[in-house]
Amino acid sequence: MRNIVLGVALIWSILIIILCLVESKELATAARFDIPYRDKIAHFGFYFTFSFLWLMYFLKSKKGKSRVASTLLIFTIAVLFGGCLEFAQFYFTSSRSAEWADFFANCLGSLTGLLLCLAITKNKQ
């Protein structure tokens with residue numbers, strides 16, 4: 001099970017990188033839904049899942065490690081990962097832009113995913 005969670009977490013991380021750095025003209029061909037703030041919802045969902053999966057993997061593989069330390073580590077990684085991708089969007093893409101609101105949605109999604117993972121895994125122990 002631990003290896004499956006690792007594989008899914010790695011694939012999800014790569015998917016975030018691709019979707020955040022693909023030129024926006026290529027995204028324009030994707031199906032459009034008229035949902036307000038869909039970009040922020042997507043950022044929230046990306047990092048919710050990212051943090052949930054990585055914390056689940058850490059908790060399954062590091063049995064003796066502190067849950068708080070693992071949670072703080074994953075949150076730090078998620079914040080740095082999101083910040084680096086916003087930086088990359090600003091400097092390395094021509095049709096994407098960096099936004100503080102995206103970064104905030106990333107952090108909020110990460111925090112929510114971590115809290116849910118902690119709640120679910122606490123009940124299992």
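Computed from a prediction, not measured in an experiment: that's the story for all the values here.
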| task | Assess whether side chain to side chain contact (heavy atoms under 4.5 Å, CB included) is satisfied between Leu10 and Trp54, documenting all intermediate values. | result | CA-CA 9 Å; Leu10 286 170; Trp54 281 110; 3.7 Å; yes
| When rounded to the nearest 0.5 angstrom, what is the spacing between CG in Asp39 and CG in Asp102? | 4.5 Å
| said: Using 0.5 Å steps for rounding, measure from the CZ atom of Arg96 to the CG atom of Leu19. | reply: 8.5 Å
| said: Nearest 0.5 angstrom please: Met56 CE to Ile74 CD1, how far? | reply: 12.0 Å
| Passes ring-ring contact (aromatic ring centres under 6.0 Å, His included), Phe50 versus Phe46? Steps please. | CA-CA 6 Å; Phe50 174 90; Phe46 286 163; over 10 Å; no
| said: Test side chain to side chain contact (heavy atoms under 4.5 Å, CB included) on Gln89 and Glu99; report intermediate values, then the result. | reply: CA-CA 9 Å; Gln89 282 181 335; Glu99 293 182 26; over 6 Å; no
| query | Taking atom CE of Met1 and atom CG of Leu6, what is their separation to the nearest 0.5 Å? | reply | 12.5 Å
| Pairwise distance OG(Ser51) to CG(Leu116) - rounded to 0.5 angstrom | 11.5 Å
| message | Please determine whether residues Tyr91 and Ile18 belong to a single hydrophobic cluster, defined as Ile, Leu, Val, Met, Phe, Trp and Tyr linked transitively by side-chain heavy-atom distances below 4.5 Å. | response | no
| side chain to side chain contact (heavy atoms under 4.5 Å, CB included) with Tyr47: which of Phe52, Phe81, Phe103? | Phe81
| Distance-only, no hydrogens or angles: does the Arg67 side chain make a donor-acceptor pair with backbone N or O of Leu59 under 3.5 Å? | no
| Which atom pair, heavy atoms only, marks the closest approach of Ala105 to His43? | CB-CB, 3.9 Å
| message | Is there a path of hydrophobic side-chain contacts, each under 4.5 Å between heavy atoms of I/L/V/M/F/W/Y residues, joining Ile11 to Leu85? | response | no
| Between Ser97 and Glu86, which heavy-atom pair has the shortest distance, and what is it? | O-OE1, 4.0 Å
| If Ile, Leu, Val, Met, Phe, Trp and Tyr residues are connected whenever their side-chain heavy atoms lie under 4.5 Å apart, and connections chain through other members, are Leu114 and Leu80 in the same group? | no
| If you round to the nearest 0.5 Å, how far is SG of Cys107 from CH2 of Trp100? | 9.5 Å
| Can Phe44 and Ile41 be said to form a side chain to side chain contact (heavy atoms under 4.5 Å, CB included), step by step? | CA-CA 5 Å; Phe44 180 93; Ile41 295 168; 5.6 Å; no
| request: Determine whether Phe90 and Phe104 fall in the same hydrophobic cluster, where Ile, Leu, Val, Met, Phe, Trp and Tyr are linked whenever their side-chain heavy atoms lie under 4.5 Å apart. | output: no
| Hey, mind stepping through Val79 and Phe75 against side chain to side chain contact (heavy atoms under 4.5 Å, CB included) and telling me if it holds? | CA-CA 6 Å; Val79 168; Phe75 184 73; 3.7 Å; yes
| message | Please determine whether residues Leu72 and Ile77 belong to a single hydrophobic cluster, defined as Ile, Leu, Val, Met, Phe, Trp and Tyr linked transitively by side-chain heavy-atom distances below 4.5 Å. | response | no
